J.: 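Sending over a structure as structure tokens; questions will come in a sec.
Protein chains get the first letters and strands the later ones, always in sequence-line order, with residue 1 at the start of each. Since this is a predicted model, take the numbers as computed values, not measurements.
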2 protein chains.
Amino acid sequence: MKVSGMAGHLIRRLNQTSTQVFSLRMQMAGYDLTPVQFAALDTVCSSPGLDQAAIAAQIAYDRATIGGVIDRLEQKGLVTRKVNERDRRARAVTATETGQRVYQDVFEIVEGFQPEILSGLSAEEQKQFLRLAAKALAFNADTSPDAEA
Amino acid sequence: MKVSGMAGHLIRRLNQTSTQVFSLRMQMAGYDLTPVQFAALDTVCSSPGLDQAAIAAQIAYDRATIGGVIDRLEQKGLVTRKVNERDRRARAVTATETGQRVYQDVFEIVEGFQPEILSGLSAEEQKQFLRLAAKALAFNADTSPDAEA
DNA sequence: TGGTTATAGTAAGTATAGATACTATTAATT
DNA sequence: AATTAATAGTATCTATACTTACTATAACCA
């Protein structure tokens with residue numbers, strides 16, 4: 001078996017293609033957002049006031065990375081952070097008005113270019129692929145970083 | 001459509017699982033190698049004397065990243081670099097004896113844990129997935145970083 | 001041959017992506 | 001209530017994973 005045909009290699013290449021398509025499309029649309037920044041913004045818009053640890057858990061990241069991501073979203077004026085008065089350890093993150101507007105626009109764009117990531121496959125094959133990918137992940141849903149043992 | 005069901009998100013999660021399995025298995029076997037370090041070592045062992053740019057092209061990376069990767073492989077005593085006398089810009093990279101020994105051992109291990117990356121799928125589904133992943137990538141084989149326009 | 005172009009490697013900078021450790025706070029237990 | 005354990009966020013560190021720019025060298029070509 002050659003390395004280039006192994007699951008790990010193929011998955012890395014797919015992720016590479018995915019991020020390339022993402023950054024190209026964002027640039028074309030005039031936005032400066034990375035995939036993880038979009039994922040975090042999506043979570044914040046869907047669940048306003050969530051703290052960083054919960055955001056990280058929701059999208060399967062570690063707290064340290066999400067801390068930096070929220071930093072940059074805040075610098076761009078898309079979200080704000082404020083201390084949760086009922087738990088002073090936590091920071092409630094909320095999307096600004098600009099953040100909500102950007103999110104709605106970008107969501108449509110992101111949804112629109114998903115098929116491009118798998119453009120080598122027919123529509124039916126893409127559905128198959130997504131079904132298999134989701135199933136492959138269903139079992140290790142609890143293996144995200146920061147997950148308590 | 002929710003973000004968690006989109007191709008980009010699923011692929012990122014798969015890549016995350018893949019790297020987690022890789023680092024866990026390497027640690028269990030007592031090796032200190034990352035996925036890209038293994039990929040580079042694989043290329044060097046298969047094509048001794050290749051320069052860094054060619055290694056990068058082979059495994060779809062940019063030159064800058066591979067430069068650092070080769071640095072670390074060299075520090076670990078797995079490869080050596082020497083100036084190509086016919087083209088003094090290029091550095092011919094070769095695996096040391098230790099590098100070759102480590103490679104042969106690690107290759108077996110890496111090959112062995114590939115099914116674990118897709119452990120949520122049956123053997124037949126894994127084959128399907130790998131076939132679709134390879135096909136999806138076949139068309140954008142030329143979109144790797146550093147590729148000349 | 002002289003000038004342009006292209007390429008190999010590196011440097012610097014940004015952003016993940018994560019591990020580990022530390023502080024501040026809260027929860028749980030005795 | 002005092003101690004202990006757990007958790008949220010941050011800091012630090014390592015390693016990708018790029019982009020852009022720069023230097024050195026080689027290839028081209030008029």
J.: Please output the side-chain donor-acceptor pairs of residues 109-123 of chain A that fall under 3.5 Å, not counting sequence neighbours, one pair per line with the distance.
T.:
{"residue": "A:Glu111", "atom": "OE2", "partner": "B:Met1", "partner atom": "N", "Å": "3.4"}
{"residue": "A:Gln114", "atom": "OE1", "partner": "B:Ala7", "partner atom": "N", "Å": "3.1"}
{"residue": "A:Gln114", "atom": "OE1", "partner": "B:Gly8", "partner atom": "N", "Å": "2.9"}
{"residue": "A:Gln114", "atom": "NE2", "partner": "A:Val110", "partner atom": "O", "Å": "3.0"}
{"residue": "A:Glu116", "atom": "OE1", "partner": "A:Arg25", "partner atom": "NE", "Å": "3.0"}
{"residue": "A:Glu116", "atom": "OE1", "partner": "A:Arg25", "partner atom": "NH2", "Å": "3.1"}
{"residue": "A:Glu116", "atom": "OE2", "partner": "A:Arg25", "partner atom": "NH2", "Å": "3.3"}
{"residue": "A:Ser119", "atom": "OG", "partner": "A:Glu116", "partner atom": "O", "Å": "3.2"}
{"residue": "A:Ser122", "atom": "OG", "partner": "A:Glu125", "partner atom": "N", "Å": "3.2"}
{"residue": "A:Ser122", "atom": "OG", "partner": "A:Glu125", "partner atom": "OE1", "Å": "3.4"}

J.: Whole Å only: how far is the CG atom of A:Leu24 from the P atom of D:dT19?
T.: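 Taking atom P of D:dT19 as the reference, CG of A:Leu24 is at 11 Å.
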
J.: Any side-chain heavy-atom pair from B:Ile59 and B:Ile66 closer than 4.5 angstrom?
T.: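 Yes, close enough: below the 4.5 Å cut-off.
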
J.: If you link I, L, V, M, F, W and Y whenever their side-chain heavy atoms are under 4.5 Å apart, who else ends up in the same group as A:Met28?
T.: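 Under the 4.5 Å side-chain rule, A:Met28 groups with A:Leu24.
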
J.: At 10 degrees resolution, what angle do the end axes of the helix from C:dT1-D:dA30 to C:dT30-D:dA1 form when each is taken over five base pairs?
T.: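 Roughly 10° between the end axes, to the nearest 10°.
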
J.: Which residue pairs pass the ring-ring contact (aromatic ring centres under 6.0 Å, His included) test when at least one of the two sits in residues 61-83 of chain A, sequence neighbours left out?
T.: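 Sorted result for residues 61-83 of chain A: empty, none.
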
J.: Would you kindly compare B:Arg91 and A:Ala60 by the position of their nearest DNA chain C nucleotide and give the one closer to the 5′ end?
T.: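 Taking each residue's closest nucleotide, the earlier one in sequence belongs to B:Arg91.
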
J.: Would you say B:Gln16 places a side-chain N or O within less than 4.0 Å of OP1 or OP2 belonging to C:dG18?
T.: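 Yes, B:Gln16 has a side-chain N/O under 4.0 Å of OP1/OP2 on C:dG18.
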
J.: Can you confirm whether A:Val93 sits close enough to A:Thr80 that some side-chain heavy atom of one is under 4.5 Å from a side-chain heavy atom of the other?
T.: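 Counting from C-beta outward, A:Val93 and A:Thr80 never come under 4.5 Å.
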
J.: In whole angstrom, what separates A:Tyr61's OH from C:dA15's P?
T.: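 The distance from OH of A:Tyr61 to P of C:dA15 comes to 15 Å, rounded to the nearest Å.
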
J.: C:dG13 C1' sits how many Å from B:Asp62 CG, rounded?
T.: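 Taking CG of B:Asp62 and C1' of C:dG13, I get 13 Å after rounding.
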
J.: Which pairs with one or both residues in residues 72-105 of chain B pass ring-ring contact (aromatic ring centres under 6.0 Å, His included), sequence neighbours excluded?
T.: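 ring-ring contact (aromatic ring centres under 6.0 Å, His included) check on residues 72-105 of chain B returns B:Tyr103-B:Phe107.
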
J.: Can you list the residues that meet the side chain to side chain donor-acceptor pair (under 3.5 Å) rule with B:Arg81, with sequence neighbours excluded?
T.: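 Side chain to side chain donor-acceptor pair (under 3.5 Å) check on B:Arg81 returns B:Gln52, B:Asp71, B:Glu74.
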
J.: Name all residues meeting the side chain to side chain contact (heavy atoms under 4.5 Å, CB included) criterion together with A:Asp62; count only those two or more places apart in sequence or in a different chain, and write none if there are none.
T.: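 For A:Asp62 the side chain to side chain contact (heavy atoms under 4.5 Å, CB included) partners, ignoring immediate neighbours, are A:Ala64, A:Thr65, A:Pro145, A:Asp146.
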
J.: I'd like to check the ring pair (Phe, Tyr, Trp, His ring centres under 6.0 Å) partners of B:Phe129; sequence neighbours left out, ordered by chain and number.
T.: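 A:Phe129.
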
J.: Would you mind telling me which of D:dC18, D:dT10, D:dT16 lies closest to the side-chain atoms of A:Arg81?
T.: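 Nearest listed nucleotide: D:dT10.
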
J.: Rounded to whole angstrom units, what separation is found between the CD atom of A:Gln52 and the P atom of D:dT7?
T.: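 After rounding, the reported distance stands at 17 Å.
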
J.: To the nearest Å, how far apart are B:Asn15 CG and C:dT16 P?
T.: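 Value for this atom pair: 15 Å.
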
J.: Please list, by residue number, the residues of residues 99-120 of chain A whose heavy atoms come closer than 4.0 Å to an atom of DNA chain D; answer none if no residue qualifies.
T.: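 Output list: empty, so none.
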
J.: Tell me the interatomic distance from B:Ile55, atom CD1, to D:dA17, atom P, rounded to whole angstroms.
T.: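 Rounding to the nearest Å, CD1 of B:Ile55 and P of D:dA17 are 16 Å apart.
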
J.: Please tell me if B:Gln20 has a side-chain N or O lying less than 4.0 Å from either OP1 or OP2 of C:dA17.
T.: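 False: B:Gln20 side-chain N/O out of range (4.0 Å or more) of C:dA17 OP1/OP2.
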
J.: Let me have a per-nucleotide readout for nucleotides 21-27 of chain D, 5' to 3', with B, S or -, counting only protein heavy atoms under 4.0 Å.
T.: ---BBS-

J.: Does anything in residues 28-52 of chain A pair up under ring-ring contact (aromatic ring centres under 6.0 Å, His included), and if so which pairs, sequence neighbours excluded?
T.: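 Found none.
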
J.: Of all of residues 64-76 of chain A, which get a heavy atom below 4.0 angstrom from DNA chain D, listed by number?
T.: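 Within this stretch, A:Ala64 sit under 4.0 Å of the strand.
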
J.: With no hydrogens and no angle check, do the side chains of B:Arg72 and B:Gln75 hold a donor and an acceptor under 3.5 Å apart?
T.: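 Checked: B:Arg72/B:Gln75 side chains show no N/O donor-acceptor pair below 3.5 Å.
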
J.: What's the CZ-P distance between A:Arg12 and D:dT16, to the nearest Å?
T.: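 In whole Å, D:dT16 P and A:Arg12 CZ are 11 Å from each other.
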
